[in-house]
Amino acid sequence: MSVSSYFSLNQKAWDERAKVHFDSQFYDVNGFMQGQSSLTEIESSELTEIEVKGKKMLHLQCHFGLDSLSWARLGAKVTGVDFSEPAINKARELNHALNLDACFICSDVYSFGEQAKAEFDIVFTSFGTICWLPCIDTWAEVIADSLKSGGCFYMAEFHPIRDLLDGESYFYAPAPFVCDEGTYTENCDGKQASMASWSHPLSRVITALINAGIKIDMVNEFPFSPFDCFDGLEEREPKRFSQLVGENPLPLVYSIKGTKN
Ligand SMILES: C[S@@+](CC[C@H](N)C(=O)[O-])C[C@H]1O[C@@H](n2cnc3c(N)ncnc32)[C@H](O)[C@@H]1O
């Protein structure tokens, strides 16, 4: 199968997921409409309000826009990109209903990158994004091509060690891992869809960013996930879900911050 066939497979699954997720407790759209932020303690502490206020931010793989609009509420001028049309339509509706000025583009990351201009102060992406992309080098180039010189890149992502525990490879392979998956929200009713994903170990992500011209300023690893989205997690502190190996916590999330040279 070609990359575009895998993207079509994933897009179909994400189109369905967008509708299910929108109605879920997990995403709590009602709470969001009433003013709650969808950002977690990780990205909120590492990319602060002061850094985003008034800045042009590109949010890659924005889903139906809760994080994009949370940044917009903090004063960022956000452009969200996602290849799922139902997700982008929902994001636009929320933007309109909340009278915010974010903009949403329906595109896959690589096609967006083909027309990228170095116009953004910040590129942001988080939680469950890069595993859907086959080539991490192209992803890093899209980020570098989108940022102004001196612009900031920030990502928070699930730790790839978790893939290994789920029976996938820790290391990258060009052939994707294809399986039938349910989704992580409580309302999925056991429905499954075939999806293709790729493992990207930390070393490859960091190297791809460096090669694309991003100076790495910070790498962090966290012994918890802010989301209860994997089997076997335990909320040992409020909104901190962890998994012990023996007595020690597994790294579940990492974050990277960098600057375009
Ligand atoms: C887990 S979600 C994004 C996480 C986000 N933090 C959230 O929960 O709102 C992953 C998103 O990536 C999008 N996606 C997957 N592959 C993509 C691609 N090749 N190009 C653009 N978007 C893609 C999906 O449509 C989905 O909205």
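Counting starts at 1 for both ligands and their atoms, following the listed order. Being a predicted model, the structure only gives us computed values, none of them experimental.
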Report summary line: Per-atom filter on ligand 1: closer than 4.0 angstrom to a heavy atom of Phe7 are 19 (N)
Report summary line: shortest atom 3 (C) of ligand 1-to-protein heavy-atom contact is with Gln61 O, 3.5 Å
Query raised in the report: In terms of the angle between their ring planes, are His21 and Tyr27 parallel, tilted or perpendicular, with boundaries placed at 30° and 60°?
Result: parallel
Query raised in the report: For ligand 1, is Asn10 a contact, meaning one of its heavy atoms is under 4.0 Å away?
Result: no
Report summary line: Checking heavy-atom distances from atom 5 (C) of ligand 1 to each of Ser126, Cys106, Gly80, Ser68, the winner is Ser126
Report task. Decide if atom NZ of Lys56 counts as having more than 12 heavy atoms of other residues, nucleotides or ligands within a radius under 6.0 Å. Result -> yes
Query raised in the report: For atom 20 (N) of ligand 1, which protein heavy atom lies nearest, and how many Å away is it?
Result: Val109 N, 3.0 Å
Query raised in the report: What atoms of ligand 1 come within less than 4.0 Å of a heavy atom belonging to Asp67?
Result: 6 (N)
Query raised in the report: What atoms of ligand 1 come closer than 4.0 angstrom to any heavy atom of Ser84?
Result: 25 (O)
Query raised in the report: With a 3.5 Å cut-off and no angle check, do the side chains of Tyr154 and Glu43 form a donor-acceptor pair?
Result: no
Query raised in the report: How close does the nearest protein non-hydrogen atom get to atom 9 (O) of ligand 1, and which residue and atom is it?
Result: His63 CB, 3.4 Å
Query - Shortest protein contact, atom 10 (C) of ligand 1 (heavy atom only) - result: Gly128 O, 3.4 Å
Query raised in the report: So is Ala18 in contact with ligand 1, going by heavy-atom distances below 4.0 Å?
Result: no
Query raised in the report: Heavy-atom count around Asp231 CG within 6.0 Å, excluding the residue itself: above 12?
Result: no
Report task. Select the closest option to atom 7 (C) of ligand 1 among Phe227, Phe127, Tyr27, Phe124, judged by heavy-atom distance. Result -> Tyr27
Query raised in the report: Can you list the atoms of ligand 1 that are under 4.0 Å from a heavy atom of Ser107?
Result: 21 (C)
Query raised in the report: With a 6.0 Å cut-off on ring centres, are His159 and Phe222 close enough?
Result: no
Query raised in the report: Is the closest heavy-atom distance from Trp139 to ligand 1 below 4.0 Å?
Result: no
Query raised in the report: What part of Leu133 sits under 4.0 Å from ligand 1 if we count only heavy atoms: the side chain, the backbone, both or neither?
Result: side chain
Query - Heavy-atom neighbours of Glu119 CD exceed 12 at 6.0 Å - result: yes
Requested in this report: Distance to 0.1 Å, residue and atom name: give those for the protein heavy atom nearest to atom 2 (S) of ligand 1.
Outcome: Trp14 CH2, 3.6 Å
**Report entry** Mode of Tyr184 contact toward ligand 1 - side chain, backbone, both, neither (heavy atoms, under 4.0 Å)
**Finding:** side chain
Query raised in the report: Among protein heavy atoms, which sits nearest to atom 11 (C) of ligand 1, and what does the distance come to when rounded to 0.1 Å?
Result: Asp82 OD2, 3.6 Å
Query raised in the report: Is the centre of the Phe158 ring less than 6.0 Å from the centre of the Phe230 ring?
Result: yes
Report summary line: Given the options Asn89, Asp108, Asp15, Ser84 meets side chain to side chain donor-acceptor pair (under 3.5 Å) only with Asp15
**Report entry** Nearest non-hydrogen protein atom, atom 18 (C) of ligand 1
**Finding:** Phe83 CD1, 3.5 Å
**Report entry** Validation row, ring centre Phe112 to ring centre Phe83 under 6.0 Å
**Finding:** no
Query raised in the report: Do Glu51 and Lys257 sit within salt-bridge range, that is, some charged N less than 4.0 Å from a carboxylate O?
Result: yes
Query raised in the report: Should the pair His63 and Trp14 be assigned to parallel (<30°), tilted (30 to 60°) or perpendicular (>60°) ring geometry?
Result: perpendicular
